[in-house]
A.B. asks: 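Before I ask anything, here is the structure I am working with.
Since the model is a prediction, treat every value here as computed from it, not as a measurement.
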Amino acid sequence: MAEPRHALKANKTCDVKGCASEAERSISGGAAKEAELKVDEGMKRVHLCKEHYREYKKLSKKERELETLGR
Ligand SMILES: [Zn+2]
């Protein structure tokens, strides 16, 4: 929403609640929800730090359908 015009990628922080690490990746809000990450509802993009991205990948292994959508 109220993002600075020239948001620097390096300044993004992880969107998981209680985490203040630097974000390295972003995933879709739906994917974050599927992986049951603690993020705000209704987010289109969710930024994750390295650690949470790893966690997301682990958790989302069962939810592979998301990646194969669009067939
Ligand atoms: Zn994090």
Side-chain angles (χ1 to χ4, degrees):
M1 253 192 294
E3 284 207 307
R5 269 173 299 171
H6 237 75
L8 293 169
K9 278 178 197 166
N11 283 344
K12 286 270 183 200
T13 51
C14 182
D15 284 327
V16 176
K17 283 173 188 169
C19 181
S21 299
E22 192 178 301
E24 294 223 335
R25 310 275 181 144
S26 71
I27 60 171
S28 74
K33 215 178 162 189
E34 285 292 327
E36 295 180 351
L37 290 167
K38 287 173 188 143
V39 298
D40 289 330
E41 298 250 343
M43 291 181 82
K44 276 187 188 164
R45 295 304 290 176
V46 173
H47 295 88
L48 298 177
C49 63
K50 201 187 275 178
E51 210 172 300
H52 277 119
Y53 184 70
R54 196 180 300 165
E55 197 174 313
Y56 154 74
K57 283 213 294 192
K58 217 187 286 173
L59 290 166
S60 65
K61 260 181 191 159
K62 291 179 204 159
E63 315 286 346
R64 269 294 153 110
E65 302 98 292
L66 274 178
E67 283 176 30
T68 53
L69 277 182
R71 230 184 346 149

A.B. asks: How would you list, by chain and number, every residue that makes a side-chain hydrogen bond (donor to acceptor under 3.5 Å, both in side chains) with R25, sequence neighbours excluded?
C.D. replies: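 side-chain hydrogen bond (donor to acceptor under 3.5 Å, both in side chains) check on R25 returns nothing, list empty.
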
A.B. asks: Distance from D15 atom CG to M43 atom CE, nearest 0.5 Å?
C.D. replies: 3.5 Å

A.B. asks: Sequence neighbours left out, what passes side-chain contact (heavy atoms from CB on, under 4.5 Å) with K38? Give chain and number order.
C.D. replies: V16, K17

A.B. asks: Check step by step if side chain to side chain contact (heavy atoms under 4.5 Å, CB included) holds for R45 and S28.
C.D. replies: CA-CA 5 Å; R45 295 304 290 176; S28 74; 3.9 Å; yes

A.B. asks: How long is the straight-line distance from OG of S26 back to OH of Y53, given to the nearest 0.5 Å?
C.D. replies: 9.0 Å

A.B. asks: Looking only at heavy atoms, which two atoms of A32 and V46 are closest? And how far apart?
C.D. replies: CB-CG2, 3.8 Å

A.B. asks: Give, for atom NZ of K57 and atom CD1 of I27, the distance between the pair rounded to the nearest 0.5 Å.
C.D. replies: 11.5 Å

A.B. asks: Write down the atom of T13, the atom of H47, and the distance for their closest heavy-atom approach.
C.D. replies: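 Between these two residues, the closest heavy atoms are O-CB, 3.9 Å.
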
A.B. asks: Which distance, rounded to the nearest 0.5 Å, do you find between the OG of S21 and the CD of E51?
C.D. replies: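 Going from the OG atom of S21 to the CD atom of E51 covers 6.5 Å.
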
A.B. asks: Answer yes or no: are there more than 12 heavy-atom neighbours, outside R54 itself, under 6.0 Å from its atom CZ?
C.D. replies: no

A.B. asks: Nearest 0.5 Å, what's the CD-SG distance between E24 and C14?
C.D. replies: 10.5 Å

A.B. asks: Kindly write out the residues that satisfy side-chain contact (heavy atoms from CB on, under 4.5 Å) with E36, not counting sequence neighbours, or none if the list is empty.
C.D. replies: none

A.B. asks: If I take atom CD from residue E22 and atom NZ from residue K50, how far apart are they, to the nearest 0.5 angstrom?
C.D. replies: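 The distance works out to 9.5 Å.
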
